[in-house]
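Below is one structure; the comments refer to it alone.
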Amino acid sequence: VQLQACGGGLVQPGGSLRLSCAASGSINVMGWYRQAPGKQRELVAYITSSGSTKYGDSVKGRFTISRDNVKNTVYLQMSSLKPEDTAVYYCWASVDPNRNYWGQGTLVTVSS
């Protein structure tokens with residue numbers, strides 16, 4: 001499985017940005033993790049093929065994850081962005097607990 005992520009960039013605090021990640025095949029769970037400088041990678045959000053979602057506490061109410069099962073694509077709509085959201089965002093896909101895949105990472109910078 002290959003993952004192709006895009007949509008990162010520079011945005012001002014309070015702004016919005018949308019990330020997308022396309023998988024080369026059908027995936028059960030898709031989502032996003034992020035890693036800020038000097039910090040551990042943390043869960044942002046994931047969504048199952050049936051539409052169940054889970055969000056990290058720091059993004060609840062601000063980020064929305066969705067997916068298009070036909071296109072094997074997951075989206076992350078990020079709103080009310082804060083400087084602390086600055087990180088490299090990694091697309092993640094899980095076929096089953098023993099088969100996990102990562103995208104190349106896309107940088108999101110929130111700064112004025």
Side-chain angles (χ1 to χ4, degrees):
V1 174
Q2 293 184 332
L3 302 173
Q4 183 65 46
C6 62
L10 174 64
V11 62
Q12 292 187 343
S16 298
L17 204 60
R18 190 175 86 151
L19 306 181
S20 63
C21 177
S24 59
S26 180
I27 301 292
N28 180 27
V29 184
M30 296 186 72
W32 298 88
Y33 280 74
R34 69 184 182 186
Q35 188 166 19
K39 294 188 176 182
Q40 291 187 330
R41 191 173 296 191
E42 64 174 356
L43 172 70
V44 178
Y46 69 72
I47 183 169
T48 69
S49 57
S50 62
S52 297
T53 59
K54 179 178 176 64
Y55 292 91
D57 289 341
S58 60
V59 307
K60 286 180 181 177
R62 300 188 298 121
F63 292 10
T64 302
I65 191 168
S66 61
R67 66 187 287 169
D68 183 328
N69 290 332
V70 174
K71 296 181 178 179
N72 296 322
T73 299
V74 63
Y75 305 96
L76 184 69
Q77 179 66 46
M78 304 183 290
S79 302
S80 301
L81 283 161
K82 305 175 181 179
E84 50 264 45
D85 293 317
T86 295
V88 177
Y89 285 69
Y90 295 93
C91 180
W92 166 74
S94 178
V95 177
D96 58 49
N98 295 318
R99 290 185 289 172
N100 294 282
Y101 304 91
W102 295 92
Q104 79 278 17
T106 184
L107 178 62
V108 173
T109 303
V110 184
S111 175
S112 56

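Summarising the geometry, atom CD belonging to Gln12 is positioned 8.5 Å from atom OG belonging to Ser111; distances are rounded to the nearest 0.5 Å. Annotation: the span from Gln104 atom CD to Cys6 atom SG amounts to 8.5 Å, rounded to 0.5 Å. Separation of atoms OG1 (Thr86) and CG (Leu81) is listed at 8.5 Å; rounding is to 0.5 Å. The structure places CG of Leu17 at 8.0 Å from OG1 of Thr106, a figure rounded to the nearest 0.5 Å. How far CG of Leu3 is from OG1 of Thr73: 10.0 Å, rounded to the nearest 0.5 Å.
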Tell me which donor-acceptor pairs under 3.5 Å the side chains of residues 90-98 have, and how far apart each pair is, sequence neighbours excluded?
from  : atom 1 : to     : atom 2 : distance (Å)
Trp92 : NE1    : Asn100 : OD1    : 3.2
Ser94 : OG     : Asp96  : O      : 3.1
Ser94 : OG     : Asn100 : OD1    : 3.1
Asp96 : OD1    : Asn98  : N      : 2.8
Asp96 : OD1    : Arg99  : N      : 3.0
Asp96 : OD2    : Arg99  : NE     : 2.8
Asp96 : OD2    : Arg99  : NH2    : 2.9

Please tabulate, for the side chains in residues 63-70, all donor-acceptor contacts under 3.5 angstrom to protein atoms that are two or more places apart in sequence or on a different chain.
from  : atom 1 : to    : atom 2 : distance (Å)
Arg67 : NE     : Asn69 : OD1    : 2.6
Arg67 : NH1    : Asn28 : O      : 3.0
Arg67 : NH1    : Ile47 : O      : 3.1
Arg67 : NH1    : Thr48 : O      : 3.4
Arg67 : NH2    : Ile27 : O      : 2.7
Arg67 : NH2    : Asn69 : OD1    : 3.4
Asp68 : OD1    : Val70 : N      : 3.0
Asp68 : OD1    : Lys71 : N      : 3.1
Asn69 : ND2    : Ser49 : O      : 3.0

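In this structure, Asp85 and Met78 have side chains that are not in contact, with every pair of non-hydrogen atoms separated by 4.5 Å or more. Looking at heavy atoms from C-beta onward, Ser58 lies in side-chain contact with Glu42 at the 4.5 angstrom threshold. Taking 4.5 Å as the limit, some side-chain heavy atom of Arg34 sits within range of a side-chain heavy atom of Val59.
Grouping the Ile, Leu, Val, Met, Phe, Trp and Tyr side chains by contacts below 4.5 angstrom, directly or via other members, places Tyr101 with Trp32. One hydrophobic cluster holds both Val88 and Leu43 under the rule that ILVMFWY side chains link at heavy-atom gaps under 4.5 Å. Placement of Leu19 and Tyr55 within a single hydrophobic cluster is found when ILVMFWY residues are connected by side-chain heavy-atom separations under 4.5 Å, directly or transitively. Taken together through direct or relayed side-chain contacts under 4.5 Å among Ile, Leu, Val, Met, Phe, Trp and Tyr, Trp102 and Val108 form parts of separate hydrophobic clusters.
Taking each heavy atom of Ala23 and Val1 in turn, the nearest pair found is CB-CG1, 4.5 Å.
For Ser112, the side chain to side chain contact (heavy atoms under 4.5 Å, CB included) test picks out Pro13, with sequence neighbours left out.
For the pair Asp57 and Lys60, the salt-bridge criterion is met [side-chain N within less than 4.0 Å of a carboxylate O].
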